[in-house]
Amino acid sequence: MNPHFSGFIQLGKELAATHGVAWEIPLDQSGTAIKGHEWDLTTLAGGVAPKHRLRHFSSEPSVLDAINAARSSNGMPALSARTLSPAWQDLIKAAVIEQLFVRRNSFGHIANNVARPLRVIATCAGDAEPWNVTVDEITLAVRTGNSIQASGKLGDLIAGLTKLLFDTNHLADVGPLYPALATARLQPRATRRSKFLNSQEEIRHNLEDRKRAERLPERRAFWELVRIVMTEQPQTFMDELRFAAIRIMILTGFRIGEATLLPSEWRTDRHYYDSKQRPAGELGGYSQSLMIRHFAEKQQAKNADSKVLIAKTHYVPQMFEEIVSETLTRAEAITNPLRRTLRKQTETGRVFPDFAMDELVPITRLYTRLSGNAFWLDLPKEKKRYWIQRCRENYSVDSFDELQKMQEQTSVSHRGDMSAAAHMYFRRMTELHRKDAHVLALRSADGTVISLMDVWDMNKVFVKIRDLESHLRVAKSSKLPDTDFFNLADRRFASWEFLFLHPKRSLAEERNNGVCDVTRYVSVGRPDTSLVNLSLGEQKSRDTLFKRYGKSDDDKDLVLTSHTLRHLQNTELFRLGVADTIISKRFNRRSVAQSYEYDHRSLAEELDQLELPADVEMALGEKASTVAKMIQSGKASGPIVDAFKKIQSTEGDTAAFEFLKVEADGFHATPYGHCLNSFTVDPCPKHLECFSGCRHLSATNLPENRRHLQTLELKLTAAVEIAKARPSKSIGRTNQIQHAEVRLDGVRTLLATRKGEKPFPDGPDLSLPRRTGVMDG
């Protein structure tokens with residue numbers, strides 16, 4: 001153990017002691033924290049939801065499976081799961097504590113982007129302690145992370161921790177590890193999607209290829225999703241909320257968290273007047289616009305509290321005002337009963353605020369409130385189907401009240417019995433052999449404790465509300481309402497103020513094809529990202545919207561990543577010619593450069609935004625017009641461009657375009673620069689190996705070209721070193737080294753050449769016929 005590692009662990013222990021966190025976490029045989037001793041990261045960070053806990057200190061199962069699969073193919077024995085060593089446990093805890101109280105990152109980031117990647121590294125390290133980790137173990141962790149997560153994000157996180165945790169704090173004896181790891185990313189892989197492990201964009205072979213097309217939604221999945229949320233009738237209350245949230249994401253480009261955490265008071269109308277206070281509509285403009293109040297993500301200043309919700313407003317284009325207003329107004333209306341319930345629960349601190357604590361209430365009135373199931377009697381299928389359809393029309397209080405009144409009258413007249421599901425529900429709550437040993441006492445009308453087995457008339461079975469609330473807090477804490485508060489910049493924000501409130505674990509509707517009585521159900525949940533991402537297949541789920549509403553088998557297997565909808569709208573705004581400043585403001589970005597990270601237009605779409613006079617474009621033709629637009633946008637440089645601009649300044653536009661019409665065939669965009677040779681008759685003699693001395697190559701300052709060259713430089717350098725390290729003295733080895741060194745020198749020369757200049761002005765003119773040699777016939 002080196003002193004840097006000891007110092008980092010000691011810092012973690014001191015921070016834990018300062019904030020009242022018990023450092024030691026007792027574990028069971030599987031390496032999981034004993035219940036009650038885990039770290040509640042959400043609470044420690046001062047957050048509310050969702051809940052994240054630090055409790056797993058054993059081998060990462062998916063990583064171990066991947067490693068054992070590789071070992072099995074090599075004839076090696078499989079490794080078994082084990083509890084991580086005390087040193088690895090201390091490192092995970094120290095890293096988590098530093099992230100919580102020093103860097104002040106969010107609890108979700110810590111759980112998913114710090115704790116889990118560290119467990120992956122620890123699993124891949126085997127018996128090696130943290131200070132003994134080498135680049136081999138880290139490389140294995142990155143490779144394994146990519147094998148179990150196709151997007152490459154887990155590999156990125158592991159590489160990032162290598163730099164920010166191991167190297168920055170000098171934890172490893174053989175550091176720094178990151179520079180050696182960075183060269184490994186250039187090794188060819190089957191797929192290159194991760195930003196760290198694939199620093200270069202895919203080469204666009206034609207004008208229609210999009211930049212980073214994998215970040216846009218797959219066309220078929222997108223249009224199927226649009227069909228579902230715009231035309232299908234939701235089958236459940238939860239699906240109606242999902243449809244509404246996804247519609248808003250499509251129309252606004254909100255992030256998934258921004259869409260699901262909309263406040264119930266979402267509407268803001270902005271009015272416009274001239275200097276004389278006359279409505280702008282009277283002057284040919286717009287007098288009013290619709291704005292959506294929302295909580296924007298990634299708005300915190302450096303070292304600010306990441307848990308504070310930042311309120312912003314989002315402009316809705318006039319063409320979307322009607323559908324946005326209808327969607328959110330409907331969502332607000334159907335969630336109002338849940339909102340009223342949760343507000344009462346928050347203000348009183350009670351689960352059943354409508355009843356007195358000592359009140360005896362029949363279980364027939366409590367079943368729906370506890371389970372959400374609107375039916376506590378056995379009803380004929382046709383009658384049940386009628387009530388389900390009627391209640392789903394608007395989820396109104398009147399509809400559910402009529403349903404409950406009908407069941408009460410039926411029960412009193414002895415024409416119906418309590419359903420088997422309701423009977424079993426209370427039987428389980430009163431079983432004496434419950435693991436938590438906290439049973440619910442059922443009583444008669446006079447308060448005497450009775451057994452459910454001794455009573456036939458369920459209307460004569462009562463529960464004291466005090467007993468029931470106590471039972472729920474101990475035995476069914478997961479069904480307690482979400483009454484916590486969030487923090488805004490100027491006040492606290494209650495959970496009941498969110499728009500997309502929903503019933504928690506609504507099994508009656510989601511699993512049993514019934515209907516949830518949202519006007520009585522006491523288990524009210526606040527929304528989070530799982531409302532949407534599970535339904536899109538973004539995370540593993542057995543039941544997605546595609547599976548439930550897809551028309552064909554292929555449609556049912558579709559998946560879609562929610563964030564691609566934001567990329568799509570950003571790209572469409574660019575394609576339609578909206579200014580980058582307006583796009584950046586619309587998406588609450590701090591700089592215009594961030595918007596271009598979401599720009600996935602093809603080159604044809606970019607050039608389509610540039611306009612040439614109609615007569616000029618017709619005279620030039622398609623290719624020459626494309627070159628003219630590239631010159632106009634600054635995407636082309638070189639001798640032809642210089643000559644065009646010189647003629648344009650001295651002889652005018654007409655002469656310049658005539659020159660371009662003739663010379664346009666001699667202009668080509670390559671991965672390394674611009675080629676100024678015509679291939680009308682013969683193909684490229686260098687096969688686009690422009691960097692090996694071609695005199696027709698012109699340097700550019702395009703970041704794509706420079707990344708290609710920098711990658712090529714690293715590969716050629718490695719090839720030269722490997723060839724020189726071989727002991728052979730053969731002619732083939734000498735030729736190999738010379739071949740690589742010539743191209744390496746060419747690449748370095750091209751990187752050092754200024755924009756628009758020729759790196760090899762004295763190179764051979766390969767467009768001329770090759771000289772006849774003595775060996776030619």
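Note that the structure is predicted; figures quoted are calculated from it, not measured.
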Asks: Closer than 3.5 angstrom, by distance alone: can the side chain of Arg491 be matched with the main-chain N or O of Asn487 as a donor-acceptor pair?
Replies: no
Asks: Going by the rule side-chain contact (heavy atoms from CB on, under 4.5 Å), which residues pair with Asn169 if we only count those two or more places apart in sequence or in a different chain?
Replies: Phe8, Leu165, Leu171
Asks: Can Phe498 and Leu262 be said to form a side-chain contact (heavy atoms from CB on, under 4.5 Å), step by step?
Replies: CA-CA 6 Å; Phe498 285 115; Leu262 285 175; over 6 Å; no
Asks: With sequence neighbours excluded, what pairs up with Lys585 under the side chain to side chain donor-acceptor pair (under 3.5 Å) test?
Replies: none
Asks: Arg427: which residues meet the salt bridge (Lys or Arg N to Asp or Glu O under 4.0 Å) condition with it, sequence neighbours left out?
Replies: none
Asks: Can you check whether Ile292's main-chain N or O pairs, donor with acceptor, with Thr313's side chain at less than 3.5 Å?
Replies: no
Asks: What are the two closest heavy atoms between Met249 and Ile256, and how far apart are they?
Replies: CE-CA, 3.9 Å
Asks: List the steps, then state whether ring pair (Phe, Tyr, Trp, His ring centres under 6.0 Å) holds for His563 with Tyr598.
Replies: CA-CA 11 Å; His563 200 62; Tyr598 287 74; 5.7 Å; yes
Asks: Main chain of Gly36, side chain of Glu38: is a donor-acceptor contact present, judged purely on distance under 3.5 Å?
Replies: yes
Asks: Please report the interatomic distance CG(Leu501) to CG(Leu499), rounded to the nearest 0.5 Å.
Replies: 7.5 Å
Asks: For a side-chain contact (heavy atoms from CB on, under 4.5 Å) check, start with the C-alpha distance between Leu488 and Phe295, then their side-chain angles and the critical distance, and finish with the verdict.
Replies: CA-CA 9 Å; Leu488 299 182; Phe295 300 119; 3.5 Å; yes
Asks: Looking only at atom types and distance, does a side-chain atom of Glu240 sit under 3.5 Å from a main-chain N or O of Met238, one as donor and one as acceptor?
Replies: no
Asks: So how far is it from Tyr178 OH to Thr162 OG1, rounded to the nearest 0.5 Å?
Replies: 9.0 Å
Asks: Report the distance from atom NZ of Lys93 to atom CD1 of Ile97, rounding to the nearest 0.5 Å.
Replies: 9.5 Å
Asks: With distance as the sole test, does Ser477 use its side chain to make a donor-acceptor pair with the main-chain N or O of Val474 at under 3.5 Å?
Replies: no
Asks: Below 3.5 Å, can you tabulate the donor-acceptor pairs from side chains in residues 126-135 to any protein atom, sequence neighbours excluded?
Replies:
| residue | atom | partner | partner atom | Å |
| --- | --- | --- | --- | --- |
| Glu129 | OE1 | Ser85 | OG | 2.8 |
| Thr134 | OG1 | Asp136 | N | 3.4 |
| Thr134 | OG1 | Glu137 | OE1 | 2.4 |

Asks: Just by distance, do the side chain of Gln345 and the backbone of Phe352 share a donor-acceptor pair under 3.5 Å?
Replies: no
Asks: Between Ile138 and Ile121, does a side-chain contact (heavy atoms from CB on, under 4.5 Å) hold up when you go through it step by step?
Replies: CA-CA 7 Å; Ile138 300 295; Ile121 298 175; 3.9 Å; yes
Asks: Kindly write out the residues that satisfy salt bridge (Lys or Arg N to Asp or Glu O under 4.0 Å) with Lys504, not counting sequence neighbours, or none if the list is empty.
Replies: Asp482
Asks: So which pairs with a foot in residues 252-261 pass salt bridge (Lys or Arg N to Asp or Glu O under 4.0 Å), sequence neighbours left out?
Replies: Arg255-Glu258, Glu258-Arg566
Asks: What closest approach, in Å, do Ile334 and Pro337 show between heavy atoms, and which atom pair accounts for it?
Replies: O-CD, 3.6 Å
Asks: For the atom pair CZ (Phe462) and CG (Leu468), what is the distance rounded to the nearest 0.5 Å?
Replies: 14.5 Å
Asks: Closest heavy-atom contact between Ile158 and Ala141?
Replies: CD1-O, 3.3 Å
Asks: According to side-chain contact (heavy atoms from CB on, under 4.5 Å), who are the partners of Pro61, at least two apart in sequence or on a separate chain?
Replies: none
Asks: Side chain to side chain donor-acceptor pair (under 3.5 Å) with Ser584: which residues, sequence neighbours excluded?
Replies: Ser595
Asks: Stepwise, does the side chain to side chain donor-acceptor pair (under 3.5 Å) test hold for Asp528 with Ser530?
Replies: CA-CA 6 Å; Asp528 58 31; Ser530 63; 2.4 Å; yes
Asks: Glu497 versus Pro263: any side-chain heavy-atom pair under 4.5 Å?
Replies: no
Asks: Look only at the side chain of Gln89 and the backbone of Leu84, and say whether a donor-acceptor pair between them is shorter than 3.5 Å.
Replies: yes
Asks: Looking at Ala111 and Leu41, what are the two nearest heavy atoms and their distance?
Replies: CB-CD1, 4.1 Å
Asks: Rounded to the nearest 0.5 Å, what separates atom OG in Ser30 from atom CZ in Arg82?
Replies: 14.5 Å
Asks: Dump the intermediate steps for ring pair (Phe, Tyr, Trp, His ring centres under 6.0 Å) on Phe493 and Phe485, then the final yes or no.
Replies: CA-CA 5 Å; Phe493 186 87; Phe485 285 83; 9.2 Å; no
Asks: Closest heavy-atom contact between Leu370 and Lys479?
Replies: O-NZ, 3.1 Å
Asks: Just to verify, which of Asp156, Val142, Leu154 counts as forming a side-chain contact (heavy atoms from CB on, under 4.5 Å) with Pro117?
Replies: Leu154
Asks: Between Glu359 and Arg443, does any NZ, NE, NH1 or NH2 come within less than 4.0 Å of an OD or OE carboxylate oxygen?
Replies: no
Asks: Does Leu261 reach the side chain of Phe500, with side-chain heavy atoms less than 4.5 Å apart?
Replies: no
Asks: So, does Ser371 use its side chain to make a donor-acceptor pair with the main chain of Tyr367 at under 3.5 Å?
Replies: yes
Asks: Which residue pairs satisfy the side chain to side chain donor-acceptor pair (under 3.5 Å) criterion with at least one member in residues 112-122, sequence neighbours excluded?
Replies: Glu60-Arg116, Glu60-Arg119, His109-Asn113
Asks: Is there a side-chain contact (heavy atoms from CB on, under 4.5 Å) between Leu64 and Leu79? Walk through the geometry before answering.
Replies: CA-CA 7 Å; Leu64 196 63; Leu79 300 176; 4.1 Å; yes
Asks: Before accepting this row, confirm whether a basic side-chain N of the pair Arg350/Glu469 lies closer than 4.0 Å to the acidic partner's carboxylate O.
Replies: yes
Asks: I'd like to know if the side chain of Thr236 reaches the main chain of Asp239, judged simply by a donor and an acceptor atom lying under 3.5 Å from each other, with no hydrogens or angles considered.
Replies: yes
Asks: Got a donor-acceptor contact below 3.5 angstrom from the Gln594 side chain to the Arg590 backbone?
Replies: yes
Asks: Less than 3.5 Å apart, any donor N or O on the side chain of Arg505 or Ser478 sitting next to an acceptor on the other?
Replies: yes
Asks: Where do Thr544 and Leu536 come nearest, in terms of heavy atoms and distance?
Replies: CG2-C, 4.3 Å
Asks: Listing request: all salt bridge (Lys or Arg N to Asp or Glu O under 4.0 Å) pairs with a residue in residues 336-345, at least two apart in sequence or in separate chains.
Replies: Arg343-Glu347, Lys344-Asp354
Asks: Report yes if some heavy atom in the side chain of Val63 is under 4.5 Å from a heavy atom in the side chain of Cys124; otherwise report no.
Replies: yes
Asks: Please round to the nearest 0.5 Å and tell me the distance separating atom CZ of Arg53 and atom CG of Asp40.
Replies: 5.0 Å
Asks: What residues, two or more places apart in sequence or in another chain, satisfy side-chain contact (heavy atoms from CB on, under 4.5 Å) together with Gln10?
Replies: Lys13, Glu14
Asks: If the plane angle is over 60° it's perpendicular, under 30° parallel, otherwise tilted; pick one for His314 and His294.
Replies: perpendicular
Asks: Could you pull out all residues at least two apart from Ser495 that satisfy side-chain contact (heavy atoms from CB on, under 4.5 Å)?
Replies: Leu342, Phe486, Arg526
